[in-house]
Amino acid sequence: MSTHVIRFEKVSKAYPGTAKPALDQVSIDIEKGEFVFLVGQSGSGKSTALRLVLRETRSTGGRVHVAGKDLNRLAGWKVPRLRRQIGTVFQDFRLLPNKTVSENVAFALQVIGKSRAEIKKVVPQTLELVGLDGKGERMPHELSGGEQQRVAIARAFVNRPMILIADEPTGNLDPTTSAGIMKLLDRINRTGTTVLMATHDVHVVDQLRKRVIELDHGRVVRDDAQGAYGAAG
Amino acid sequence: MQFRYVFSELRSGLRRNLSMHIAVVLTLFVSMTLLGLGVLMKQQSDIATRFLGDQLQVTVYLCRDGDTNPACAARATDEQKQRVVEAMEGNPEVASYTFESQEEAFEKVKELYGADQFDGDNPALTAADMPESYWITLKDPKEFQGIESEVQGLDGVSQIRDVHETLKPIYEWLDALKYGSWGIAVFLLVAALLLVANTIRLAAFARRKEIAIMRLVGASTLYIALPFLMEAVVTAVIGVALAGGTLGAFMWFGVHERIADSVKFMPWIGAQEYTTALVVIAILGPALTLLPTLLLTRKYLKV
């Protein structure tokens, strides 16, 4: 058995009506417990790669394996089960504004059918882990951007997923707050969760010195084990 | 699966789109009532056919003294009667026939209108006013033209009455009501389906954030769609219940207490036919609301 959690084999993705493919023969292997930055300009194919991992779309060529499953062959009804193994964090947090912090985190467990007892136990633990101890009853609009992103991370991580996908998680945050969020993601990574993060944030990438995969026009142009944002770094 | 969650979603979903749900309930209510009425009409028409088929007879009235028909010079003679009998016996459409005397005809009339009207010194009718007649039972209720035309021209025959002719207007009314109510029901059903579709679209839009997150964290399609399906079922059940109640009231106050009481020559639809109509709307109502819901939730809530 390979330890690859995510594996792209010559993956291409062309959207209908566009001349150039969004991804062009991309091959990537990501092992369990890795922390990987996906960098590149807008339109380089980062978001498409993340969408393929989540099986929000299918590749038009090659194979995508996630958590040991060939996503091109995965039946539609099995997709929810795949997604339970993947936590997702976005730039815009995507919290439910009419639910409290605790309810937002609990929601992710409720809708996959976890028991109330388990939710009651796990949610406070996760809030504590992300540094929101005692803020469970607040509403999202009462929190700062950084705190809201912590809620989103708590929601993504509360089910202890195998993979955490983060799409520009620091895009809306100032550098100090971003550093805090990165610390948190690093901490989650140390629990064994594979983290795949798409970003534009030069500081963040340069500071952490993790694996960096750079995409350009849908192709992998760089894959450094301990890279910086720029090629020369 | 957390039923508490599904039910709380159902409750808030029903509340959020209350006016739309009421519109769906009302259109379903009216269309299901009309559909049920059509089913009842059809059954009434079947009952009438069955009932009249048993006694589909052609009656040949013979001339009597003072007959209103100018072709009748006087009361039919024995010779004329013999001709009619020969014609009936020689005709392949005739299964059997019976002769009804003036007295027998008079007894029938007395039975129908109450004997007291014909007693006493100055009765409205006497046996002498009644015509003699032959009652012909046909082999096939639909084959009656041959014997009719054969007997028609014979001397001593005043009038030929065919039950079919008498009841034609009733059949026509029943058919018109049946097709009319079905036609209107179809239009209303289309309106109901469109309303259901719009309701789902609105609800899916109102809950798009929740739905996006549910998909993201791996909620199953069924779990996401269940509140929508339950909303459809609840509105369908209310609509069908209202229609069933209205049809029940129609059966009780309209048929049982009025028509069946005053028009007794024919059997009328009853509990059994009402049950059939109920079953039809109880299946069609929910099915027709669930179908667009299933199709649209697949479209809007695709995982």
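Lettering of chains follows the sequences in order, A, B, ..., and the numbering in each one begins at 1.
- Of all the heavy atoms in A219(B) and I112(A), the pair that sits closest is N-CG2, 4.0 Å.
- When all heavy atoms of R83(A) and L216(B) are compared, the closest pair comes out as CB-O, 3.7 Å.
- Counting non-hydrogen atoms of neighbouring residues, nucleotides and ligands closer than 6.0 angstrom, the CD atom of Q41(A) reaches no more than 12 such neighbours.
- A 6.0 Å sphere centred on CZ of R258(B) holds no more than 12 heavy atoms belonging to other residues, nucleotides or ligands.
- Closest heavy-atom contact between M214(B) and F107(A): CG-CZ, 3.6 Å.
- Across all non-hydrogen atoms, the minimal contact from R84(A) to V217(B) is CG-O, 3.6 Å.
- For E56(A), the part sitting under 4.5 Å from any heavy atom of chain B is the side chain, from C-beta outward, and nothing else.
- The shortest side-chain heavy-atom distance between T221(B) and W77(A) does not fall under the 4.5 Å cut-off.
- Around CZ of F187(B), the count of heavy atoms belonging to other residues, nucleotides or ligands within 6.0 Å does not exceed 12.
- Q125(A) CD: more than 12 foreign heavy atoms inside a 6.0 Å radius.
- Between atom NZ of residue K99(A) and atom CD of residue E210(B) there is a gap of 6.0 Å, rounded to the nearest 0.5 Å.
- Atom CZ of R11(B) is surrounded by 12 or fewer heavy atoms from other residues, nucleotides or ligands within 6.0 Å.
- For R190(A), the CZ atom counts as loosely surrounded, since its 6.0 Å shell holds 12 or fewer non-hydrogen atoms of other residues, nucleotides or ligands.
- Residues L95(A) and K209(B) form no side-chain contact, since every pair of their non-hydrogen atoms from C-beta on lies 4.5 Å or further apart.
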